[in-house]
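Chain identifiers are assigned alphabetically (A, B, ...) following the order of the sequence lines, protein sequences preceding nucleic acid strands; residue numbering begins at 1 within each chain. Every value quoted in this text rests on a predicted model; they were computed, and no experiment measured them.
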There are 2 protein chains.
Amino acid sequence: MEPAGGGRDGAVESMVGIKDVARQAGVSVGTVSNVINRPDLVSEETRTRVQSVISKLGYIRSESARQLRAGASRIVALLVLDMGNPFFVDVAKGAERAARQSRLGVMVCNSAQSTSEEVEYLSLFAEQRVRGVLITPADPTGQSLEALRRQRIPYVLVDRVSADAAACSVSVDDVAGGRLAAHHLIAAGHASLVYVGGPRDLPQVRDRRAGALAALEEAGLPAGALTEITADRLDVAAGRDAGARLLGLAPRPTAVFCANDLLALGVLQAVFAARISVPEQMAIVGYDDIEFAAAAAVPLTSVRQPAVAMGKLAAEMLLEETSGDADAHEHRQVVLQPELVVRGSSLTPR
Amino acid sequence: MEPAGGGRDGAVESMVGIKDVARQAGVSVGTVSNVINRPDLVSEETRTRVQSVISKLGYIRSESARQLRAGASRIVALLVLDMGNPFFVDVAKGAERAARQSRLGVMVCNSAQSTSEEVEYLSLFAEQRVRGVLITPADPTGQSLEALRRQRIPYVLVDRVSADAAACSVSVDDVAGGRLAAHHLIAAGHASLVYVGGPRDLPQVRDRRAGALAALEEAGLPAGALTEITADRLDVAAGRDAGARLLGLAPRPTAVFCANDLLALGVLQAVFAARISVPEQMAIVGYDDIEFAAAAAVPLTSVRQPAVAMGKLAAEMLLEETSGDADAHEHRQVVLQPELVVRGSSLTPR
DNA sequence: TGACGTGCGTGAATCGATTCATGACAGCTG
DNA sequence: CAGCTGTCATGAATCGATTCACGCACGTCA
């Protein structure tokens, strides 16, 4: 295209490397590297001269080369279950924030709850020699984690507790969250409630239910006071289905606790379509406190998870693990506490 | 460290490289490389032997080294304006899908509409020598794009039209979308309507308004039939504010068209709180058709953008550009068509 | 004056894979 | 048998940065 260096600056030919800088500045490549990485080893004069050449040529150092020597890259991977769920978007925000403070990038990927996609991504991460992985595993057997361990890739579990303490983890106390929600409904005068759950193999779903049962027991109510509806996924459409089933129950329930906000929004929609007023005739509580919970036609009471904090903390723990000696590191299991946010969907009628 | 291959597998010491494979298999490193990259150059026998050593040692090739020679990495960057907007999440899904078919990874990052964050990310991408960048620019001056061009990083604009045709772009015809929405409301009998827009410098906001005006004109209505309310951001909270202002208008509007679904949800919530029934007393149309639009208490009529297709197409165009000769490539401006999805929030009363 | 320390810079080795010119060897032909 | 072709494998050069042992110049002190 362009004849021969006709352009304004020298950027016509491929990429300017450290050697070009060294030549222009009349120093060795080692010195240029020192200017960049250990400026205190270089004399004031040389340093400024090299710096100016760097900016004149628009030199950008190659991460590939740097990481080839260093052994690990400056990228942290985040593998979540569902990018469509605002909860995980918040986790990603937190992780990104923490990573950027160390000038690291975050590669956010979506396993969409599929074990095979998870495996595929993990192998991509291994090839990239990522600094570490933040993961909410989709694979219930734990083989994915086993693979990470074998390949000596540091990882931190997000929204999961590490069963065998073989890694760090950051999670939220789902039993406590379930208890908060159920306790709130019971205190409002409801003597029985419905739990709209999801796939049985999700720890979250089980724990939140366990918390609700605990709250019933504390209130002296029988376990039979909890009716259960099982959705097959944790999204809005599944919530609508669950809502329909809910309305078929007799006597009609007055209080519903959903395993997540997407389900709750679906339920709310079904209930609203049936012209049943919320919260007067039916109280609804969700879980996660996503932005859309507050934005629903009837703002949704929900159990807030510190999602951003969780992502941030997870990333920080990963950085901590990968910066010091690997041997000196002790795995930690951090469990954060959820918080009830009361809104219109569950206010006591009077 | 290790005396002489004493462990179960060799994985105890650091990382197994191509040299280890070569030694074990009794061939040269060049041959191992050929087995991986050009298997047809290697005899059946050697190939299987090397393959088996590879899997026995659990060899994983280093992307850093590979890309050092190749010059570019196997990562595509996606820089969006707002990760919290499900629209961009869908774009990301599409891009990811296309990228994975070529065994590329996507690094999704969030500029949060901040020019400075955008700049920071772009420099990270440059250091990483990413294969290319998919970007919805936050910087209105175009300097970010200028920098990309100077550094010879291929990029594709997403949800924007390239003004000077200096790059590929994939966008949706926002004027047509605005026209669709307004036409729908006019056809339902509304003789005037309100446009809830956002920041003036966003092309989307302007174009959708222009489309609405065009529809008015086509229907023989005066331009004054369009009242405008300007939100300062494009999120739910801003929508609530706009809704409050909307309700203060006299006479009360009967039809509202919002520049995006987040705004529309906010408006819907404000309107609902004021006990005004939708769509009987007020019709509302949004834009983007995010999942939560259908999930609203009154399902939201919205202009659907082919977000997933857009992300997919953008990624494919980028791959096309980066795989062939850069010189042979001709930049294309693809404009997709939006589609009206009619739901409860705007059904004609009778 | 010679020994020594210090401050600054050099240049070669290195990371792990790719690529290509070269060579070894087998099989075929005239 | 010499000459030629084609198939495979080799090993060295290369990508761009980091790192470290070394050397040079200068100053200080005994």
Figure out the [atom1]/[atom2] separation between [X] and [N], and round it to whole Å.
| X | N | atom1 | atom2 | answer |
| --- | --- | --- | --- | --- |
| B:R47 | D:dT7 | CZ | P | 14 Å |
| B:D20 | C:dC15 | CG | P | 11 Å |
| A:L68 | C:dA17 | CG | C1' | 8 Å |
| A:R66 | D:dT19 | CZ | C1' | 13 Å |
| B:R61 | C:dC15 | CZ | P | 20 Å |
| B:R49 | D:dC8 | CZ | P | 14 Å |
| A:N34 | D:dC20 | CG | C1' | 10 Å |
| A:L57 | D:dA17 | CG | P | 12 Å |

*Heavy-atom contacts under 4.0 Å between residues 23-31 of chain B and DNA chain C, which residues?*
B:G30
*Close side-chain approach of A:Q151 to A:L122, heavy-atom, < 4.5 Å*: no
*Among C:dC15, D:dA17, D:dT18, which nucleotide sits nearest the side chain of B:K19?*
C:dC15
*Does NZ in B:K312 sit with more than 12 non-hydrogen atoms of other residues, nucleotides or ligands closer than 6.0 Å?*
no
*Taking the nucleotide of DNA chain D with the closest heavy atom to each, which residue, A:S33 or B:A65, is nearer the 5' end?*
B:A65
*Are the side chain of A:D20 and the backbone N or O of A:G17 linked by a donor-acceptor pair below 3.5 Å?*
yes
*Has the side chain of A:Q333 got a donor or acceptor atom that lies under 3.5 Å from a matching backbone atom of A:A167?*
yes
*Hey, which of B:V91, B:I135, B:V170, B:L318 is the one that makes side-chain contact (heavy atoms from CB on, under 4.5 Å) with B:V158?*
B:V91
*Which atoms form the tightest heavy-atom contact between A:Y155 and A:E321, and what is the distance?*
O-OE1, 4.2 Å
_Could you report the tightest heavy-atom contact between B:P154 and B:T322, atom names first, then the distance?_
CG-CG2, 3.6 Å
_Proximity to DNA chain D (any heavy atom under 4.0 Å), residues of residues 36-46 of chain B only_ = B:L41, B:V42, B:S43, B:T46
_Residues B:M107, B:Y121; criterion side-chain contact (heavy atoms from CB on, under 4.5 Å); working and verdict_ = CA-CA 11 Å; B:M107 188 158 154; B:Y121 272 121; 5.6 Å; no
*Difference in axis direction between the ends of the helix from C:dT1-D:dA30 to C:dG30-D:dC1, five pairs, 10°*: 70°
*Mind running side-chain contact (heavy atoms from CB on, under 4.5 Å) on A:Q128 and A:I75 for me, showing each step along the way?*
CA-CA 9 Å; A:Q128 300 281 353; A:I75 293 187; 5.7 Å; no
*Identify whether any heavy atom of A:S62 sits under 4.0 Å from a base atom; if not, whether one sits that close to sugar-phosphate; answer base, sugar-phosphate or nothing.*
sugar-phosphate
*Quick one: do A:R149 and A:E146 satisfy salt bridge (Lys or Arg N to Asp or Glu O under 4.0 Å)? Show the steps, please.*
CA-CA 5 Å; A:R149 222 168 305 143; A:E146 175 59 35; 3.5 Å; yes
_Looking at B:R69 and D:dT14, is any side-chain donor or acceptor paired with a base atom of the opposite kind under 3.5 Å?_
yes
*So, is A:Y59 close to the D:dG16 phosphate, meaning a side-chain N or O under 4.0 Å from OP1 or OP2?*
no
*Which is it for B:H329 and B:C168 under the side-chain contact (heavy atoms from CB on, under 4.5 Å) test, yes or no, and what are the steps along the way?*
CA-CA 10 Å; B:H329 176 80; B:C168 288; 3.3 Å; yes
*List the steps and the verdict of side-chain contact (heavy atoms from CB on, under 4.5 Å) for B:V42 and B:V50.*
CA-CA 10 Å; B:V42 182; B:V50 173; over 6 Å; no
